[in-house]
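The model shown is predicted, which means the values in this text are computed figures rather than measured ones.
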Amino acid sequence: MPLSAAVISGVQKLVLYETRARYFLVGSNHAQTKHRVLKIDRTEPKDLAIIDDKHVYNQQEVRELLGRLDLGNRTKMGQKGSSGLSRAVSAYGIVGFVRFLEGYYLVLITKRRKMADIGGHSIYKIEDTNMIYIPNDSVRVTHPDEARYVRIFQNVDLSSNFYFSYSYDLSHSLQYNLTLLHSPCDPGTVEEVHTRSSRQQDSFDIFEDEGLPTQVFHGLQSEPYAKYVWNGKLLERVKDTVHPDWLMYIIHGFCGQSKLLIYGRPVYVTLIARRSSKFAGTRFLKRGANCEGDVANEVETEQIIHDASVMSFTAGSYSSYVQVRGSVPLYWSQDISTMMPKPPIRLDQADPYAHVAALHFDQMLQRFGSPIIILNLVKKREKRKHEKILSEELFPAVINLNQFLPPEHCIDYIAWDMARYTKSKLYNVLDRLSMIAENVVKRTGFFINRSDFFCHTLRPDERWGDLGGSLTSSGRVQTGVLRTNCVDCLDRTNTAQFMVGKCALAYQLYALGMIDKPKLQFDTDCVRLFEELYEDHGDTLSLQYGGSQLVHRVKTYRKIAPWTQHSKDIMQTLSRYYSNAFSDADRQDAINLFLQVYQPSESKPHLWELPTDFYLHQRNSMALTHDRRSYTYWWSEGILSYLPLPYDEVPCEENMKKVGVRRVNRYDESIDTYTEFFKPYELTSFDDTFCIAMTNSARELMPKTVGVDPSPFTVRKPEETGKSAVIGAKSSKEETVVQRKTAASAPPPPSEEQISSSSEDDSEDDRDDDGSVSQRSTPIKLLTESGESVRTQEDFLQQSMRETYGLNLAALPAEEDMLIYERFAYLGQNQHKLERTEPSVLENAINVVPVSCFTTDSIYEVSSPQVDRDNREVFEGHVLTGLGQVRSLCREDILMYREYIKNRYM
């Protein structure tokens, strides 16, 4: 069976040219070797007329085409000016086409920034966009309300947390994308892809007499998951008329990546959050669920851990864990007309058979498999019923749905009043959350594309055997998911998700062979880096939904937050209240217009005239549904037969219809991630190739003093972090003591008397530094005037040695170190007195345990290593090349050269 690879989009750089009658959008791949042209008619006042000839041009053909268009659009022969073909804008992708009351607009991405890299697949953040009106001014039919709709549409800031990728499907999880690469392809559905203008040209091959067949690959391109795509409606108008390379889907949420250095070995920690585009909106205006089972503030968070030293998806080690947050799946809302900080919760409709919850959990079973674990963090005890109303409705709904499911696939329900535990001084909130997280991760498992390493046999852990999920031939697969919710799904939910993610991170690092047991401690560089990533993730999602950053963070629940945090919490609360009261309505209108939930028309009332958007999101309120779902068999057909595996990842006939397969050769640019990332045939710079300014654990979290354990899994005091060491020069006595304690943390540790004396000396040094230049230029002369000064000088030198080397060299070595040194010296003195024919005498001299695999190794000789034939030929080839003698080309070299010639010049 041919190998599979993800298809890289052939349209990554766009240039928009304009004439009076048409727009010409020229798209090219990254190497600018293949070009496509899209023709957009500008003479239609209200319709969108797009022509895509599906032809692939080379660079010379595009230049000739643009030259002919420029010449043909001039008013007079030989005239040069603006009347011909003019270049309008350069872009990196198409967001979509949108129409309000006049003609269509084209939305282009004009600036981007690289945010993460997963297996050589770059993830970009949209930095700026351009909205271009398509019809010409001569045919434009103006409408007085058009400008207002444009302003509302632009209230959705596309430069804020919208992401895309040319080669990686961001709407799906890493588990789905890698599982798809190993799924069998039906040969009958494989599409022959030709990059030339005709079959006759494509069959021409200058190497055809060589008889060298090309290795065939299957390029796979799956349909995006519609729930997490935010420009699906904007591309719907042209989806069936243009080539798939023109379609670029964007997600909304969060994307962050940090580098964890484990003794120099780079491990990338990536966090991707996908916000649902169904029933999307702001805090108080979108609560609960709609009639289709889509809930408000639904976000899928995925943490990806991979060894960055190997880039390939097939050869590298990748692991991921997914969890979900979302509003309580019931018909409920809050009335904001009362202007209260906490408006009362009300249940809008009775749902005795849990119809809405059934639709929601049906979606989750289809995407994640079983078990579905609900972690409900709302309050249980209240003086006046508020949050408790939701728990009293959700728990009976889960009980009702579980009675129809098989016992092994039932929905687990965990209710825990996190706010009550936080106020109590007898309980530790994070300890309780860590226990819940351990049980959850053991139930669901996690994804990894590698089987167990040998280190798991050497250092077995009892918790590893109890891990859930599904074992495959290539590793493990996560089955099921944790669904966390409170009322807002912001502060409490983010802390709970962090604790579950921290537990999963330990298992992921253990599975990758990075740590010896699946457990991570707080106050380590690894957990600090992960905590910062999750706080950025929580702040971003909170701003999108609630209008402010997080109010309660992980440090708040650990009860180690500084006193200044309280004032910040008050400001965030006020900011959230102001946003909810005054700006959420405008933001909700903008989201409804951007997602095309509301489409303007002259026959309908305007968006700002609607008293509510309830009817826009609840389709059953406008028309009766013809297909009523069963209350007992509430899941979709075929899901139960594959559980606990998710139905979406099963290679069944229905799922394979959603996958486009291209038959390409091994070196084709559309699947060559290596060429796409490194661009070996072009002059590139490090700034362009490695342009991610990510957090580095060694640079920003590890202490800067010599002698400190560089492991990111070592527990450190808060003052020992790298961030506190680089803030600036320490002038006060207390800060100087902190620096000295940090520098002296390496073995052997100094005594308390040394620390106190060093702190006094440091204060004297600080006073000397405040003096004039002449005083600082002669310190030794001043120190040698009395015996006390001499003693101070010795203490100063000892302190400087401790600061430089991490230990005091003037102190006597430990007895154990002296014993090791004496044994080493004795071995060196007696090595020439031993006879080579008497190996037993060496054992009498010193007991040395052999560690080498070679039998004849000794102090006199070693056996030569065995080098296989392939490595010997490679070495001989390097030597001959250095001498100016080029070896004969092998079959692989000829294949690579042939593909290079075809892609670049033919």
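Between F594 and F153, the distance separating the two ring centers is shorter than 6.0 angstrom.
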Derivation and outcome, side-chain contact (heavy atoms from CB on, under 4.5 Å), residues F361 and R483: CA-CA 10 Å; F361 291 121; R483 185 194 189 280; 4.2 Å; yes
Steps toward side-chain contact (heavy atoms from CB on, under 4.5 Å) verdict (L235, Y249): CA-CA 9 Å; L235 293 173; Y249 298 99; 4.0 Å; yes
Residues V238, D52; criterion side-chain contact (heavy atoms from CB on, under 4.5 Å); working and verdict: CA-CA 10 Å; V238 299; D52 182 10; over 6 Å; no
side-chain contact (heavy atoms from CB on, under 4.5 Å) between I132 and L108, worked out: CA-CA 8 Å; I132 301 168; L108 296 175; 3.9 Å; yes
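A heavy-atom distance below 4.5 Å is not found between the side chains of Y57 and V26. Using a 4.5 Å cut-off on side-chain heavy atoms (C-beta onward), Y228 and S276 make contact. A heavy-atom distance below 4.5 Å is not found between the side chains of I123 and K114. Counting heavy atoms from C-beta outward, C255 and I272 have side chains that approach closer than 4.5 Å. Side-chain contact between E292 and F279: absent, with no pair of heavy atoms (C-beta onward) separated by less than 4.5 Å. Contact of the V150 side chain with the Y105 side chain is registered, since non-hydrogen atoms from C-beta on lie closer than 4.5 Å. Counting only heavy atoms from C-beta outward, the side chains of L359 and H355 approach each other to under 4.5 Å.
Looking only at distances, no side-chain donor or acceptor of R237 sits under 3.5 Å from a matching main-chain atom of F97.
Between the side chains of R22 and N73, no donor-acceptor pair of N or O atoms lies under 3.5 Å. In the model, S636 has a side-chain atom that pairs as donor or acceptor with a side-chain atom of D362 under 3.5 Å. Side-chain N/O atoms of Q588 and N592 include a donor and acceptor closer than 3.5 Å.
Using a cut-off of 4.0 Å between Lys/Arg side-chain N and Asp/Glu carboxylate O, E298 and K278 are scored as not salt-bridged. In this structure, E602 pairs ionically with K46, as a charged nitrogen and a carboxylate oxygen lie closer than 4.0 Å. A salt bridge is absent between R99 and D47: the closest approach of a Lys/Arg side-chain nitrogen to an acidic carboxylate oxygen does not fall below 4.0 angstrom. Contact check on R283 versus D488 returns a salt bridge, with a Lys/Arg side-chain nitrogen under 4.0 Å from an Asp/Glu carboxylate oxygen. For the pair E236 and K233, the salt-bridge criterion is met [side-chain N within less than 4.0 Å of a carboxylate O]. In summary, K286 and D613 engage in a salt bridge, as defined by a charged side-chain N under 4.0 Å from a carboxylate O. Remark: K39 does not engage D41 in a salt bridge, criterion side-chain N to carboxylate O under 4.0 Å. Under the 4.0 Å criterion applied to side-chain N and carboxylate O atoms, R42 and E18 are assigned as salt-bridge partners.
Of the candidates N130, L234, L158, V107 forms a side chain to side chain contact (heavy atoms under 4.5 Å, CB included) with just one, namely L158. A side chain to side chain donor-acceptor pair (under 3.5 Å) with E300 holds for exactly one of R367, R275, H172; it is R367.
The environment of Y92 atom OH is sparse: at most 12 non-hydrogen atoms of other residues, nucleotides or ligands sit within 6.0 angstrom. Crowding of K111 atom NZ: a count of heavy atoms from other residues, nucleotides or ligands under 6.0 Å not exceeding 12.
R287 contributes atom CZ, which lies 9.5 Å from atom OG of S333 (distance to the nearest 0.5 angstrom). The line from CH2 of W608 to CG of L593 is 9.5 Å long, rounded to the nearest 0.5 Å. Residue H143 holds its NE2 atom at 8.5 Å from OH of Y149, rounded to the nearest 0.5 Å. If you take NE2 on H606 and CG on D589, they are separated by 13.0 Å, rounding to the nearest 0.5 Å. Considering CZ of F100 and CD of Q599, their distance stands at 11.0 Å, rounded to 0.5 Å. The structure places CD of Q12 at 6.0 Å from NE2 of H30, a figure rounded to the nearest 0.5 Å.
Both the sub-6.0 Å distance and the 45° axial angle are satisfied by R112 relative to the ring of Y124. Taking the ring centre of W246 as origin, the terminal cationic atom of R36 falls outside the region bounded by 6.0 Å and 45° from the ring axis.
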